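What you see is a predicted model, and the numbers here were worked out from it, not measured in a lab.
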Amino acid sequence: MGAGTSPADRAASATGPAEGQAEGAADAAVEAPAPDAADGPAAVADDASAAEAAEGAAEAQCVRTGSHPEPGPAAPSAPPAARRSRRFPSFTRDTARPEGGGRAAGGDAPAPARQWPLLAVLCTAGAGLLIVAADPFDQAFRIGTILIGVALIGGAVLRLVVPSVGMLAVRSRFTDLVTYGLLGVLIVMLSLMAQPKPWLDIPVLEDAVHFTIR
């Protein structure tokens, strides 16, 4: 034992450095960042680089060997659509609308306005038939038949000019043009050549008519 020292001083000097070291270690632990927080980005970067390296090695292996990676499980595909048969059905449920068979006016228009081409042809032909049946004046038969032919020719013109003629369209545009036009011209020609006192004299047609009647 040295001079001037007591057992209490020796105990304090022995425990003091240990306590100071413990407190210093605690402060360093508080001030230092957590290992996970400090090493987290580096660890993530290392994992990403390792994954990229693995992918690069797999691609290089495929290039060297000429193989392809095995495809994953295929997604379930939709069921194949039923093939449409080209054979005509035994029973037809509807008919296709002919070319230009749409309504001639908007859907908000009344029914007569939507079918005005057909009504125009029917009214003109009906007027001709009424004149022929009533016979109110001389040459009524000729005038009435001319109106009927003109109605058919007008129907052909409407079928050619108007995009949608409603129920006046029966077949294709070409078929309707030939049918309406040919019938209208024939009726007009026959009405002009009707006896007695024909308005038009065509010997070839007269011979054809006489040959047909005979």
Side-chain angles (χ1 to χ4, degrees), residues 75-214:
S77 58
R83 296 181 61 184
R84 180 176 295 180
S85 175
R86 295 184 178 181
R87 298 179 58 186
F88 291 100
S90 302
F91 300 96
T92 56
R93 298 180 181 273
D94 55 0
T95 55
R97 179 179 295 178
E99 179 186 1
R103 52 195 175 205
D108 54 347
R114 294 196 298 267
Q115 300 294 333
W116 68 265
L118 177 64
L119 292 178
V121 173
L122 290 180
C123 290
T124 306
L129 289 174
L130 183 61
I131 292 174
V132 171
D135 196 11
F137 52 87
D138 190 20
Q139 301 291 334
F141 174 80
R142 197 184 307 273
I143 298 298
T145 51
I146 288 175
L147 280 177
I148 296 173
V150 168
L152 292 175
I153 295 174
V157 173
L158 290 175
R159 192 71 174 90
L160 177 63
V161 176
V162 181
S164 298
V165 293
M167 296 179 64
L168 186 63
V170 180
R171 296 295 181 185
S172 65
R173 193 181 299 274
F174 176 78
T175 304
D176 290 344
L177 283 174
V178 172
T179 304
Y180 295 152
L182 185 60
L183 288 177
V185 170
L186 288 177
I187 291 175
V188 171
M189 296 295 292
L190 290 176
S191 63
L192 293 177
M193 296 173 58
Q195 298 292 336
K197 298 178 181 181
W199 290 3
L200 182 64
D201 187 7
I202 301 177
V204 177
L205 293 179
E206 288 182 359
D207 295 340
V209 171
H210 289 310
F211 177 78
T212 304
I213 292 175
R214 290 176 185 178

What's the separation between atom OG1 in Thr145 and atom CG in Leu129, rounded to the nearest 0.5 Å?
10.0 Å

Quick check: closest heavy atoms across Ser164 and Gly102, and the distance to 0.1 Å?
CB-O, 3.3 Å

If you compare all heavy atoms of Ala169 against all heavy atoms of Gly101, which two are closest, and at what distance to 0.1 Å?
CB-CA, 3.8 Å

Rounded distance [0.5 Å steps], CD1 in Ile148 versus CG in Leu190:
12.0 Å

I'd like to know if the side chain of Asp176 and the backbone of Val170 have a donor-acceptor N/O pair within less than 3.5 Å.
yes

Quick one: closest heavy-atom pair of Ala105 and Ala113, and the distance?
CB-O, 3.6 Å

Minimum heavy-atom separation for Arg171 and Arg159, please, with both atom names.
O-NH2, 3.1 Å

Only one of Val157, Val121, Leu168, Ile153 passes side chain to side chain contact (heavy atoms under 4.5 Å, CB included) with Tyr180; say which it is.
Leu168

Rounded to the nearest 0.5 Å, what's the gap from CG on Asp135 to CG on Leu130? Could you check?
11.5 Å

Keeping the roles fixed (side chain from Ser191, backbone from Val188), state whether a donor-acceptor pair exists under 3.5 Å.
yes

Please report the shortest heavy-atom distance between Arg142 and Lys197, naming the atom on each side.
NH2-O, 3.1 Å

From Leu119 CG over to Met167 CE, what is the distance, rounded to the nearest 0.5 angstrom?
9.5 Å

What closest approach, in Å, do Leu147 and Thr124 show between heavy atoms, and which atom pair accounts for it?
O-CG2, 3.7 Å

